[in-house]
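Remember, it's 1-based here, ligands and their atoms both numbered in the order they're listed.
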Amino acid sequence: MAFETRRLRRQSAIAASAALIGLSAYLVSAQSGVDSAVNAAFTKYQNLQEGKNADYIPALAKVDPKLFGIVVVTPDGKVHTAGDVNTQVSIQSISKVFTMARLIQDQGPESIEKRIGVDATGMRFNSIASIELIQKGGGGGEMNPLVNPGAITATSMVQGNSADEVWNKIIGTYSDFAGRRLTVLQDVYKSESDTNDRNKAIGMLMKAYGYIKSDPMQAVDLYTRQCSVGVNAKDLAMMAATLAFGGRNPVTGKQAISAENVPYVLAVMATAGLYDDSGKWLYHTGLPAKSGVGGGIIAISPGKFGIAVVSPPLDDAGNSVRAQRAIRDINQALGGNPYAVKARTATTTNNNQ
Ligand code: DON
């Protein structure tokens with residue numbers, strides 16, 4: 001009997017180690033699958049020459065157009081990288097996602113839906129015509145927190161007794177998502193402050209039409225500061241991963257927003273994250289995403305990965321050329337499209353009957 005027990009114990013120990021070896025082999029190959037997808041996209045697009053740095057903010061024209069970094073963060077918090085993932089660029093419009101997330105968390109999903117809207121404008125991100133169309137009524141006028149009129153309004157809605165208090169909430173939220181303390185790139189902030197007359201006009205118009213209820217110039221200044229926050233590809237991918245994994249930063253474990261609020265953030269990103277090219281982007285990738293004129297794009301495959309690419313040259317819609325191509329390829333290789341579900345087999349169906 002004692003011999004039999006020992007034999008059975010030995011057998012189950014062998015089975016357990018075989019299972020462990022199998023599991024770790026599976027994990028290693030899944031991880032190396034991510035690495036090879038990231039490396040393949042980097043090699044394929046490294047020398048792509050299309051697009052041009054944004055130059056309506058003079059500091060952006062000075063950024064090295066060759067800068068190219070790709071990062072994927074998987075559910076275990078592992079960071080898969082290729083290229084330059086440490087050089088900082090300004091976050092620009094990607095910031096709009098995280099101010100919106102903060103508002104949804106503090107004031108509820110209906111706050112932005114009622115005051116700003118959650119529909120695509122189909123127009124440029126800084127369109128004034130889109131604001132006027134809403135006033136005219138009769139259709140065609142829409143807004144959301146990811147175009148400048150909606151974003152400046154969103155920033156004006158963050159509560160605080162002073163501009164500093166509002167700013168600390170904004171930068172604190174971005175830092176929780178990134179998992180490190182983020183700061184403003186002062187040269188970009190100065191450059192954009194010196195040239196943001198159009199955003200000031202948008203701020204005044206939004207005040208005139210009752211969207212902004214506080215000092216519009218304070219809202220524009222805070223918005224300009226939030227767009228000038230410095231991030232590298234790793235920061236952006238970690239911010240994306242926090243949204244991919246229920247609002248919890250997969251490395252620090254900090255809950256940046258509650259899990260039930262994440263779908264609202266992702267829905268607006270899917271609708272309007274790449275501006276007037278959002279429909280085409282969603283058609284090809286299925287991924288909620290957001291671009292910035294600093295050259296970054298983040299995208300989220302819910303539950304699977306967060307991805308970010310930084311590469312300054314932009315296409316005509318204001319979206320990074322290399323970032324769009326690299327994310328499309330990596331998403332395809334990793335099966336990240338949430339709408340792409342394999343059909344159930346006939347055997348499975350029959351078994352369930
Ligand atoms: O307000 C602006 O024009 C910039 N701070 C941000 C624009 C932006 O990133 C649009 N991106 N695609």
Next item on the list: Look only at interatomic distance and state if Asn148 has a nitrogen or oxygen under 3.5 Å from any nitrogen or oxygen of ligand 1.
Entry: yes
Next item on the list: Report the C-alpha separation of Asp329 and Arg325 in whole Å, then their side-chain angles, then the decisive distance to 0.1 Å, and conclude whether the salt bridge (charged side-chain N to carboxylate O under 4.0 Å, His left out) test is met.
Entry: CA-CA 6 Å; Asp329 280 17; Arg325 305 258 177 101; over 6 Å; no
Next item on the list: Show which atoms of ligand 1 fall inside a sub-4.0 Å distance from at least one heavy-atom site of Tyr275.
Entry: 10 (C), 11 (N), 12 (N)
Next item on the list: Pull out every atom of ligand 1 sitting under 4.0 Å from any heavy atom of Gly318, numbered as shown with elements.
Entry: 12 (N)
Note to self: Quick check on contacts: which atoms of ligand 1 are under 4.0 angstrom from a heavy atom of Glu192?
What the structure shows: 1 (O), 2 (C), 4 (C), 5 (N)
Check: In the protein, which heavy atom is nearest to atom 4 (C) of ligand 1, and how far is it?
Finding: Gln92 OE1, 3.1 Å
Notebook entry, point to check: Does a donor on one side chain and an acceptor on the other come within less than 3.5 Å for Tyr211 and Ser156?
Noted result: no
Note to self: As an exercise, identify every atom of ligand 1 less than 4.0 angstrom from a heavy atom of Ser291.
What the structure shows: 12 (N)
Notebook entry, point to check: Taking atom types as modelled, is there a side-chain donor on Asp315 or Gln324 under 3.5 Å from an acceptor on the other?
Noted result: yes
Check: Which is it for Asn199 and ligand 1 at heavy atoms under 4.0 Å: side chain, backbone, both or neither?
Finding: side chain
Next item on the list: Return yes when Asn126 approaches ligand 1 closer than 4.0 angstrom through a heavy atom, no otherwise.
Entry: no
Margin query: Does either side chain, that of Tyr174 or that of Thr99, offer a donor lying less than 3.5 Å from an acceptor on the other one?
Written below: yes
Next item on the list: State yes or no: do Ile297 and Leu60 share one hydrophobic cluster built from I, L, V, M, F, W and Y residues joined by side-chain heavy-atom distances below 4.5 Å, directly or via other members?
Entry: no
Next item on the list: Quick one: pull up CD1 in Ile212 and OG1 in Thr155 and give me the separation to the nearest 0.5 Å.
Entry: 8.5 Å
Margin query: I'd like to know if the side chain of Lys96 pairs up with that of Asn148 as donor and acceptor (distance under 3.5 Å, no hydrogens or angles considered).
Written below: yes
Item checked: Carboxylate-amine/guanidinium proximity below 4.0 Å for Lys280 and Asp277 -> yes
Checklist line | For ligand 1, the portion of Thr224 having any non-hydrogen atom under 4.0 Å away | finding: neither
Margin query: Using a 4.0 Å cutoff against the non-hydrogen atoms of Cys227, which atoms of ligand 1 qualify?
Written below: 5 (N)
Item checked: atom 9 (O) of ligand 1: the protein heavy-atom neighbour that sits closest, reported with distance to 0.1 Å -> Ser93 OG, 2.6 Å
Item checked: Identity and separation of the nearest protein heavy atom to atom 1 (O) of ligand 1 -> Tyr223 OH, 2.6 Å
Checklist line | Derivation of the ring pair (Phe, Tyr, Trp, His ring centres under 6.0 Å) call for Tyr45 and Phe68 | finding: CA-CA 9 Å; Tyr45 298 117; Phe68 184 30; 7.5 Å; no
Note to self: Among all the protein's non-hydrogen atoms, which is closest to atom 2 (C) of ligand 1, and how far away is it?
What the structure shows: Tyr56 OH, 3.4 Å
